[in-house]
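Here the structure is a predicted model, which means the values were calculated and not measured. Order of the sequence lines sets the chain letters (A, B, ...), proteins ahead of strands, with each chain counted from 1.
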There are 2 protein chains.
Amino acid sequence: MSRDRIVAVALEQIDRHGLAALTVREVARQLDVYPTAIYWHVPNRDALLAAVVEQTMSGVTPDLGSATWQDWLRELFVRYRKAVGQHPNVAQLVGAQLVSNANLSPLLIDRILCVLLAAGCPEDHLADMYNVVIAGMVGFVTLEFAPLPTDDSANWAAQLQERVHSIRAMEFPTLARHLPALANKAFIVRWQSGSEVPMESAFNAHVEVTIAGIERMLEAPEPANAASPRRSRGSR
Amino acid sequence: MSRDRIVAVALEQIDRHGLAALTVREVARQLDVYPTAIYWHVPNRDALLAAVVEQTMSGVTPDLGSATWQDWLRELFVRYRKAVGQHPNVAQLVGAQLVSNANLSPLLIDRILCVLLAAGCPEDHLADMYNVVIAGMVGFVTLEFAPLPTDDSANWAAQLQERVHSIRAMEFPTLARHLPALANKAFIVRWQSGSEVPMESAFNAHVEVTIAGIERMLEAPEPANAASPRRSRGSR
DNA sequence: ACCTGAACACCGTTCAAGT
DNA sequence: ACCTGAACACCGTTCAAGT
């Protein structure tokens, strides 16, 4: 019965068996209905995905309280990660496909702009900084929750693990020396997704780096290209 | 004939018609061969994708020259963006699926670690900072090149554009006021991918923010949680 | 308005058989 | 070693028809 049930079942399916397992036909099966019945409520599979993303993202935008802009951004990043963490298999949709944009939330955008302006961002850098904020919010988490190959996940993990541990120490001495700190905890060198092994401390570092970087940028809006401090603000 | 031809054809197909159009059967068709012939050279579709990613990523790692760590990171980010920009539809594979990890490049990891250590990163923060670097390298670009929904892209773009322009100015005044600077140039508020409309200046801002943030972090490795400056370095 | 039922044009992958 | 050929168990989506 009706769209909401369909979206709920779809999200459940994604949570349990991954994005690839989300099939119009499977949703129909779950609802004891002919596959074609779905198409009366939802135009196509992409629209269903967009609806799922929308639901996942509801309530990430913090209120404009009395917090500093730094704290507001921290809160935004943390909330986004928490929301996606509840449905990790949705991460790739938000991060790597524009499907999600179908359900854009003007509220989020408006608030980010307000916060940036209040922080003293000059208007001619506003669009750039907005993009930096969105990328900072989405980028890390998309990577963190990136899914394993669907089929032979156990096998695949074993193989990657094997390959990691057989890295030649004389060819890559620095990597070899720090392998204990990296193995299964760092991008590229891990065989489990963030939904199984969270990357909390790296995420916190990422948040602090991003905020500190924005801080610096707002102080000196001109890119600090140390090599060529040739042209000044007025020259364009 | 043989794996290399297969991978080449696969990459071509992805470039021309997107990731969804990459089909084992289509590759076979292109090579005038039975679909099942592919399976003698490649174990399955995921392996084919991994091979494509590997080819795309070859040569992104800069040499360890005499550059500052800041310039080295800048160079890395720029090279990564350029490499992915040549095959934009591969972006989602690197950014949002661990398939890519199958072909990990120890060289890249080793060099990043070297550069971070040379920059004065303490060993107990090395893993975190490494993750920050990878996320900074991949995150923005993955978003920038995120593909549109496959099927009705023209239609979809028109609809989103319509929705963007019909944002109620009194509900979201800040967004409405800056819409000219954002429309089709900023995440969530655009209807074309970065492969059609590059986001160069935002990317540059992102690079500078990330580097400046890392700089700050290396100066004061303890997360500047302004609210609770309670525990010091020795307390754990 | 909402669903059934049949049909179309596809998939990835396995397995036996050919050369 | 490398490919053919048939087959299996799936897909998303359209369209006519039922109630």
Phosphate contact (C/dA1 OP1 or OP2) by A/His41 side-chain N/O below 4.0 Å | no
Give the rounded distance in Å between these two atoms: OH of B/Tyr34 and P of D/dG5.
-> 4 Å
Report yes if the side chains of B/Phe172 and A/Ile109 come closer than 4.5 Å at any heavy-atom pair, otherwise no.
-> no
Send over the distance from B/Ile38 CD1 to D/dC3 P, rounded to a whole Å.
-> 9 Å
Any B/Val189 side-chain heavy atom under 4.5 Å of A/Tyr130 side chain | yes
Under 4.5 Å between any side-chain heavy atoms of B/Asp128 and A/His206, yes or no?
-> no
DNA chain C base-pair string [pairs: Watson-Crick or G-U under 3.5 Å; |: paired with another strand] = ||.|||||...|||||.||
Starting from C1' on D/dG5, measure out to CH2 on B/Trp40 and report it in whole angstrom.
-> 19 Å
Hey, can you tell me if A/His165 and A/Trp191 have their rings parallel, tilted or perpendicular (30° and 60° cut-offs)?
-> tilted
With B for base contact, S for sugar-phosphate-only contact and - for none (protein heavy atoms under 4.0 Å), nucleotides 8-15 of chain C reads ---BBBB-
For the residue pair B/Phe203 and B/Phe77, establish whether any side-chain heavy-atom pair is separated by less than 4.5 Å.
-> yes
Beyond-backbone contact of A/Leu175 with A/Leu182, side-chain heavy atoms, under 4.5 angstrom = yes
Within-4.5 Å side-chain heavy-atom neighbours: B/His178 and A/Leu117 = yes
Determine whether the aromatic ring centres of A/Phe187 and A/Phe140 lie less than 6.0 Å apart.
-> yes
